[in-house]
Structures are given as C-alpha cells and as structure tokens.
S.K.: 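Mind looking over this structure? Questions follow.
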Amino acid sequence: MGLARTGDGEDGRNGSTGSTGDGSGLRVVERGALCGKGATATAVLRPGARLTRPLVRGADGELAPAGWDEALERVARGLSGTRQRYGADAVAVFGGGGLTNEKAYALGKFARLVLGTSQIDYNGRFCMSSAAAAGNRAFGLDRGLPFPLEDIPRTGCVILVGANPAETMPPALRYFTELRARGGTLIVIDPRRTRTAEQADLHLAPRPGTDLALALGLLHLVVAGGRVDEAFVAERTSGWEGARAEAMAHWPELVERITGVPVPRLREAVELFCAPRAAMVLTARGPEQQAKGTDTVGAWINLCLATGRAGRPYSGYGCLTGQGNGQGGREHGQKADQLPGYRMLTDPAARAHVAGVWGVDPAVLPGPGRSAYELLDALGDPSPAGIRALLLMGSNPVVSAPRAAHIEERMRSLDFLAVCDVVLSESARLADVVLPVTQWAEETGTMTNLEGRVQLRRRAVDPPPGCRSDLAVLRGLARRLGWAGWEQGFPEEPAEVFAELRRASAGGVADYAGISYERIAAEGGVFWPCPAEDHPGTPRLFLDRFATPDGRARFTAAGHRPAAEEPDAEYPVLLTTGRVLAQYQSGAQTRRVAELNAAAPGPFVQVHPRLAERIGAAEGDRLAVVSRRGRAVAPARISTAIRPDTVFMPFHWPGEGRANTLTNPALDPASRMPEFKVCAVRVERAEPVEQE
Ligand SMILES: Nc1nc2c(c(=O)[nH]1)N[C@H]1C(S)=C(S)[C@@H](COP(=O)(O)OP(=O)(O)OC[C@H]3O[C@@H](n4cnc5c(=O)[nH]c(N)nc54)[C@H](O)[C@@H]3O)O[C@H]1N2
Ligand SMILES: Nc1nc2c(c(=O)[nH]1)N[C@H]1C(S)=C(S)[C@@H](COP(=O)(O)OP(=O)(O)OC[C@H]3O[C@@H](n4cnc5c(=O)[nH]c(N)nc54)[C@H](O)[C@@H]3O)O[C@H]1N2
Ligand SMILES: [Mo]
C-alpha cells in the first residue's frame with residue numbers, strides 16, 4: 001500500500017527505497033524504471049505481456065502476425081517508396097534514451113547514411129535537453145554530473161531543484177540520506193511536498209514555472225550579503241556583470257511576488273547554501289521542462305559560479321539524468337544536430353572525421369533536422385516540407401508527447417509508420433508494421449549513466465524465439481534498402497558496433513576511444529572522456545579548467561519571464577505533470593505488470609483541499625481538467641502537499657486520463673524542450689456517467 005498515493009504526503013516515508021550495494025544500486029539507478037522491484041522487472045519478460053511476432057497491417061486494416069522477411073520487406077518498401085516520391089527528408093526516425101549506446105549510434109548512422117535523411121530526433125529532447133544546452137553554454141560540455149555520485153554525501157549543502165528522487169531514483173536517495181547523516185543540509189524546491197521534500201531541511205514550494213526568478217532572488221541575496229567569491233569569479237568565469245545586473249533587478253520582495261516563496265525562506269536557503277565551503281545544485285525535470293528551461297538552469301549554475309561552487313572538489317552543478325541511457329543516448333548521434341562523440345553536425349571537422357570512419361564523403365551527411373516536437377508536428381503534413389513515413393524505436397509519443405491528441409492525429413495521418421518495440425504500445429497500435437525486439441536482459445550493450453560512467457550489461461536470459469534485436473532490424477533494413485555497405489556497416493553484434501563507436505567518438509567531447517568491454521567489466525565502468533586505453537578515465541571534470549575555449553565558465557544573463565501560458569479567467573489553475581514510483585514513463589511496460597498496477601492503478605489529479613472545496617469535489621470524484629489543447633478526466637486526490645493554485649497529474653496513462661492531452665508544446669528557444677511542467681487549466685467536476 002502507499003505506493004499509489006505518491007507525493008501526497010499522507011502515507012509517510014516510502015518503504016521500498018531499494019538501497020542496494022554499490023554496483024547493483026547504480027544499475028538500478030540507471031534502469032530508473034522498476035527501482036527496487038527486481039521481481040516485477042522480470043515480469044515484463046513474460047511472453048504473454050509482450051510481442052513475439054512481427055505484425056503487419058492487412059488489407060482489412062487490422063494488424064496480423066507475419067514472418068520477419070515479409071515484415072522487413074514491407075518496412076523497406078514503405079520507407080524507400082516515400083523517399084522516392086517525396087525525397088529523403090520525407091522519411092523520419094525517432095529514437096529513445098532507453099536504447100543502448102550501440103543502438104543509438106547505429107540508429108543515427110542508419111538515418112543519415114541509409115535513409116539519407118536529416119529528420120531524426122529522440123525522446124531525450126523531452127528529457128534533459130535544457131540541462132544539456134545550459135551545461136554546454138556554461139561549461140562547454142554536457143555531462144549529467146561532473147563528479148561521481150559518491151561525492152554528494154561529502155558536500156556541505158545540496159539544493160535539489162524540481163527533482164523527486166524518492167520516487168524517480170530510489171537507490172540514489174541514500175546519497176542524500178548520507179549527506180544529512182554527515183551533517184550536510186538538503187534543500188528541495190518543488191511546488192509539491194514530495195517524499196523527497198519531506199526529507200529536506202528546507203522545502204521551498206514555488207509556483208510552477210518560476211524557478212528562474214527564484215534562482216535570481218537567491219543570487220541577489222548572495223550579492224547583497226557580500227557572499228560572492230570574487231577571486232573565483234575573476235579567475236575562472238566570464239560574463240559576471242550581466243548576470244549580476246539581472247540578479248540585482250530581482251529583489252527579494254519581487255521574487256516573493258513571482259514565486260510565492262516568502263522572503264524569510266529565501267534568506268534561509270542562502271544561509272544554508274553559503275554556510276559550508278562546498279555545495280551543489282542538482283536539477284531534474286521540474287525547472288528544465290519549461291519554455292525557458294535553458295535560462296533557468298543557467299540561473300542555477302550562476303548561483304554555483306558566483307559562490308565559487310563549481311570546478312572544485314565536492315562542489316558543482318549537476319543534472320539528474322532520467323532514462324536508462326539518458327546520458328549515452330544523447331552522445332552518439334540520434335539527436336537532430338549531432339554526430340557520435342557529442343560532435344556537432346554543423347562542424348566541418350566533425351563531419352570529416354565521422355565520414356572517414358563510415359567510409360563516405362562528408363558531403364553525403366545531411367545537416368541538422370527538426371527537434372522532437374517539431375518533427376512529430378510535421379508528420380503527415382502534405383506540404384513539400386512534411387514527413388510522410390516514420391521509423392519509431394524506443395518511444396511511445398501517443399502518451400508521452402506534449403499536446404498528445406494532436407500528435408496522435410499526426411501519427412495517424414502518416415503514409416507509413418514502422419515501430420520497433422517490446423510491447424504493443426499505444427504508438428505501435430497505429431503502425432503499418434510492428435517489429436518485436438529483444439529487451440535489456442536479453443541482449444548485451446553499454447549504457448552511460450548520469451556520472452558519465454560507461455557500463456556494460458551482458459545478456460542474461462534468452463529472448464523469445466520470435467524477437468530480434470534492434471541492431472538486427474537495422475542491419476536487415478540496410479540490406480533491403482540496398483545500402484552497399486550493410487554487411488560491415490551494420491553488424492548485429494553489439495561488440496562490433498561498440499568498436500566502431502569508439503573510433504567515431506575519438507577526439508570528440510564524449511571520447512570513448514580508450515573504453516572497451518573488457519575494461520568496463522574489469523573496472524566496473526569507465527568515465528568519459530577516456531581518449532586512450534592507458535588513460536584512467538575522468539570521474540571529475542573542470543577541476544583545473546572548464547571545457548570552454550578560454551577555460552572559463554560562462555554566466556547566463558537572463559531575467560524572469562512568465563510561462564508561455566499563464567492562468568487567466570478562463571483557465572485559472574496551473575497544471576504540472578510528472579511521475580509516480582510504481583509506473584515508468586508512458587507506462588507501455590509497467591502498465592502490463594499486475595504488481596505495479598496494484599500499487600499505481602491509474603491517473604489522478606492531485607488537488608489542494610481549498611481548490612477541491614471551491615469546485616465542490618470530494619476525494620475520488622472524477623475531475624475534468626481542461627486546457628486550450630483538450631480535456632482529461634481522472635479522480636481527485638485531495639492533499640495539502642500541493643499548492644492551492646496548482647494541480648498535478650502523472651503522465652503514465654493513455655485514454656481519458658492522459659495528462660499530455662493538456663500540456664503545452666511551447667518550446668525553449670535553445671533546447672527545443674516543451675513546457676511539460678506548466679500550463680493553464682480549468683478544473684471542474686466531470687459529469688457523472690449516466691446510467692441507462
Ligand atoms: N518511478 C519512475 N522513475 C523514473 C521515471 C518514471 O517514469 N517513473 N522516469 C525516469 C526519467 S526518463 C526521468 S527524466 C526522471 C525524472 O525524474 P524527476 O525529475 O525527479 O521527475 P518528475 O516527477 O518529472 O519531476 C520532478 C518534480 O518536479 C516538480 N515540479 C513540477 N513543476 C515544477 C516547477 O515548475 N519547478 C520545480 N522546481 N519543480 C517542479 C514535480 O512536482 C516533481 O515532484 O525519472 C526517471 N525515473
Ligand atoms: N506530461 C509529461 N510528459 C512527459 C514528461 C513529463 O514529465 N510530463 N517527461 C518526458 C520525459 S523526461 C521522457 S524521457 C519521455 C518518455 O516517454 P517515452 O519516450 O514514451 O518513453 P517510454 O515510455 O520509456 O517508451 C519507450 C518505448 O520503447 C520501448 N522500448 C524499451 N526498450 C526498448 C528497446 O531497447 N528497443 C526498442 N525498440 N523499444 C524499446 C518501450 O516498450 C516503450 O514502448 O516522456 C516525456 N513526457
Ligand atoms: Mo526522461
């Protein structure tokens with residue numbers, strides 16, 4: 001019990017934090033999914049719950065089982081036919097941050113070489129792209145944590161901004177527990193009093209979408225209190241004057257008015273953060289999934305830089321990366337603007353290097369394509385710029401994309417859709433061809449965790465006979481699409497793909513050249529950059545210099561601005577969205593596991609008693625939440641753990657309770673991240689269903 005009542009602060013501490021020993025704990029951190037529930041994680045492997053044969057849509061419009069040859073042939077024809085009629089960019093690819101490094105690498109290569117399309121992006125755009133953009137801007141490099149997790153308990157104070165690891169990374173919670181046990185302090189910033197917030201020394205509950213102002217307000221108090229580390233700012237940073245001016249324009253009373261956080265709480269936060277010599281700021285999706293997420297993360301980095309809490313032991317800024325391979329998945333080329341090794345597609349030297357490894361002329365590599373939401377929004381668009389065919393591997397956008405009803409309709413309007421998945425997800429149901437693939441325990445591959453530690457997962461169980469690996473699918477398609485280099489260029493064996501990935505990444509930002517399966521196994525993981533086999537890897541970055549051309553970290557000069565959609569008379573309430581412990585992402589897999597459904601059976605609307613009273617709703621009443629994009633219905637869960645001006649919905653479910661029917665696809669200008677964490681809604685009691 002208790003699992004379903006997540007974050008409502010009424011059921012006490014979560015009992016299943018699953019703190020395990022070092023190695024296995026980290027692996028579970030990376031899975032993200034079924035933390036501490038090894039038994040249920042294997043449940044998804046049961047054949048009944050998953051796909052074991054390809055499905056092809058027949059003349060009757062229904063999906064029916066088919067052989068692999070027929071299915072791959074259909075996909076090849078669908079993709080090449082579209083390409084011939086409308087050009088290469090009418091064919092798109094959408095990947096996922098749960099794919100191994102090998103798969104992400106092969107998928108990017110497949111899109112650019114075999115399909116020749118620029119149109120590839122992936123769900124990581126919906127995940128950490130704002131933190132990535134801010135990290136690149138400030139430090140010249142994006143790695144989730146520039147230090148190992150084990151440094152967290154050794155710092156003096158951690159500010160966790162919009163992160164709920166008690167539910168989303170239970171095994172990592174012990175680092176924060178240990179921090180407090182050693183005398184360090186924890187500050188949590190979340191509009192809800194989550195299980196994580198309950199463990200904090202200080203919890204600030206800002207209005208959703210105001211973290212930028214909050215960070216500026218804290219920096220204002222740092223400056224006013226004479227707490228700037230002037231020597232650090234002078235020696236190791238640039239751009240302080242602009243950042244300082246923005247902070248000075250955000251005085252505490254103004255920040256209280258914008259965020260709803262009282263001035264004394266702001267002062268307390270600064271006292272705690274500035275007291276010890278070392279401190280960290282860690283963000284997750286709360287401040288990042290905003291139409292100003294990049295500047296918001298930049299403002300939190302500013303706080304670290306101004307106080308000298310970056311590029312020093314046990315200090316710094318980090319992003320709590322999400323998906324199983326959230327870090328590695330963003331390094332090897334499934335992102336619209338990227339080549340392997342975290343190289344940029346627009347950089348001539350990068351193009352030349354990667355084209356050399358691939359044995360092609362750099363001129364054949366397409367340029368950058370659209371970002372995830374823009375790509376999905378262009379599906380089925382009949383104009384010459386539109387996308388007519390899509391290969392989807394490792395994501396379920398019908399549930400997880402913003403403005404999901406529109407995206408679902410876009411997917412339905414495609415000429416051709418192929419989906420590789422483990423289960424018949426809501427997106428796979430729309431496909432012309434569904435290819436059943438093997439999953440994590442059934443295949444070998446590397447994943448890179450939030451520390452930048454490359455880890456190896458070896459095949460542990462045999463896949464069901466009808467399934468093939470994603471790598472085998474890409475190989476089969478490359479051959480059927482007549483790509484001459486398919487035999488060497490698209491191996492099925494992960495170790496061979498990794499060997500090529502090492503060469504392609506050599507000299508790049510995320511340099512894997514010195515990392516081998518053997519080394520990972522012997523050393524328990526290797527931290528990139530690791531440019532040579534005799535290089536020890538790099539657990540801690542920036543201690544001597546930042547990765548910018550001049551070695552200095554860059555301040556962000558940005559002021560507060562409203563969310564893309566603020567409450568008004570018609571839509572007076574703020575909606576924010578997120579996760580619960582017992583369901584994972586779009587729920588495609590976890591909703592098929594009885595034990596997890598028992599713990600978290602369905603969607604809900606977390607609502608404060610005052611708001612509930614205003615609309616006359618009691619616990620469990622069906623509430624209609626209406627935004628400019630649509631209407632969702634789910635039972636009320638009344639709780640004082642949320643701000644009265646805000647409601648919260650988890651996004652794990654399809655159907656009438658789908659949170660993403662409501663969300664706003666307004667994009668951050670730098671990261672192209674949609675504003676999942678704030679939009680304006682109206683909340684009312686749904687009419688009771690009429691009995692006939
Ligand atoms: N059980 C479980 N674990 C998971 C996942 C899952 O689906 N289920 N998904 C994995 C993935 S891919 C990811 S990305 C991570 C995500 O991990 P988290 O980022 O920890 O998860 P979220 O619930 O999306 O958001 C965190 C918190 O942000 C708060 N928040 C909402 N709006 C705002 C805001 O405007 N400002 C601030 N400061 N906070 C806000 C929410 O109330 C929520 O408690 O979890 C990973 N782990
Ligand atoms: N409202 C709202 N929406 C959100 C978020 C939010 O906080 N609020 N968070 C966003 C974030 S951070 C994320 S990461 C996305 C996640 O949302 P999605 O991108 O939909 O991610 P998953 O649900 O993990 O979907 C992965 C799909 O790939 C399949 N799969 C798993 N492993 C493999 C594999 O190895 N190969 C193949 N071919 N398929 C595989 C799974 O069965 C599943 O169907 O949702 C985003 N959407
Ligand atoms: Mo994510």
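Every number for a ligand or one of its atoms is a count from 1 in the order of the listing.
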S.K.: Test of understanding: given a 4.0 Å heavy-atom threshold, classify the contact between V580 and ligand 1 as side chain, backbone, both, or neither.
M.R.: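 Under 4.0 Å from ligand 1, V580 contributes backbone atoms alone.
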S.K.: Do any nitrogen or oxygen atoms of S400 come within less than 3.5 Å of a nitrogen or oxygen of ligand 2?
M.R.: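 N/O-N/O distance below 3.5 Å exists for this pair.
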S.K.: Is T194 close to ligand 1, meaning an N/O of one under 3.5 Å from an N/O of the other?
M.R.: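 No, since none of the N or O atoms of T194 sits under 3.5 Å from an N or O of ligand 1.
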S.K.: What do you reckon, does K677 have a nitrogen or oxygen under 3.5 Å from a nitrogen or oxygen of ligand 1?
M.R.: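 In this structure, K677 places an N or O atom under 3.5 Å from an N or O of ligand 1.
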S.K.: Enumerate the residue pairs fulfilling salt bridge (charged side-chain N to carboxylate O under 4.0 Å, His left out) with a member in residues 285-299, sequence neighbours excluded, ordered by first and then second residue.
M.R.: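 Residue pairs passing salt bridge (charged side-chain N to carboxylate O under 4.0 Å, His left out), neighbours aside: R137-D295, R285-E288, D295-R561.
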S.K.: Is it the side chain (CB and beyond), the backbone, both or neither of H652 that lies under 4.0 Å from ligand 1, heavy atoms counted?
M.R.: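 Side chain only.
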S.K.: So for Q583, does at least one of its heavy atoms come nearer than 4.0 angstrom to any atom of ligand 1?
M.R.: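 The answer is yes: ligand 1 sits under 4.0 Å from a heavy atom of Q583.
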S.K.: P208 heavy atoms, cut-off 4.0 Å: which ligand 1 atoms fall inside?
M.R.: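 Taking each heavy atom of P208 in turn, ligand 1 has 34 (C), 35 (O) under 4.0 Å.
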S.K.: Do any nitrogen or oxygen atoms of V437 come within less than 3.5 Å of a nitrogen or oxygen of ligand 2?
M.R.: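 Looking only at distances, the answer is no, because the N/O contact criterion of under 3.5 Å is not met.
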S.K.: So is Q290 touching ligand 1 or not, going by heavy atoms under 4.0 Å?
M.R.: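 Contact present.
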S.K.: Within the structure, does Y584 bring an N/O atom to less than 3.5 angstrom of an N/O atom in ligand 2?
M.R.: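 No.
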S.K.: Polar-atom distance check: E443 versus ligand 2, any N or O pair below 3.5 Å?
M.R.: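 It does not: no N or O of E443 is found under 3.5 Å from an N or O of ligand 2.
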S.K.: Side chain, backbone, both or neither: which part of E167 has a heavy atom under 4.0 Å from ligand 1?
M.R.: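 The backbone, only.
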S.K.: Does ligand 1 have any atom that is closer than 4.0 Å to a heavy atom of L581?
M.R.: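 Yes, L581 has heavy atoms under 4.0 Å from ligand 1.
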S.K.: Which is it for D211 and ligand 1 at heavy atoms under 4.0 Å: side chain, backbone, both or neither?
M.R.: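 Only the side chain of D211 comes within reach of ligand 1.
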S.K.: Hey, does M128 sit under 4.0 Å from ligand 2 if you only count heavy atoms?
M.R.: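 So M128 does not count as touching ligand 2.
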S.K.: Name the residue from Q334, Q585, Q323 that meets the side-chain hydrogen bond (donor to acceptor under 3.5 Å, both in side chains) definition with N123.
M.R.: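 By the side-chain hydrogen bond (donor to acceptor under 3.5 Å, both in side chains) criterion, N123 pairs with just one of Q334, Q585, Q323: Q323.
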S.K.: For ligand 1, indicate whether the residue C127 contacts it via side chain, backbone, both or neither (heavy-atom separation under 4.0 Å).
M.R.: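 Only the side chain of C127 comes within reach of ligand 1.
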S.K.: Could you say whether the N/O atoms of I189 and ligand 1 ever approach to under 3.5 Å?
M.R.: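 By distance alone, the answer is yes.
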S.K.: Looking only at distances, please establish whether an N/O atom of ligand 2 is found under 3.5 Å from an N/O atom of R285.
M.R.: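 It does not: no N or O of R285 is found under 3.5 Å from an N or O of ligand 2.
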S.K.: Residues in ring pair (Phe, Tyr, Trp, His ring centres under 6.0 Å) with F126, at least two apart?
M.R.: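 Residues passing ring pair (Phe, Tyr, Trp, His ring centres under 6.0 Å) with F126: F676.
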S.K.: Under a 4.0 angstrom heavy-atom cut-off, which atoms of ligand 1 come close to G286?
M.R.: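 Taking each heavy atom of G286 in turn, ligand 1 has 28 (O), 30 (N), 33 (C), 34 (C), 35 (O), 36 (N), 37 (C), 39 (N), 40 (C) under 4.0 Å.
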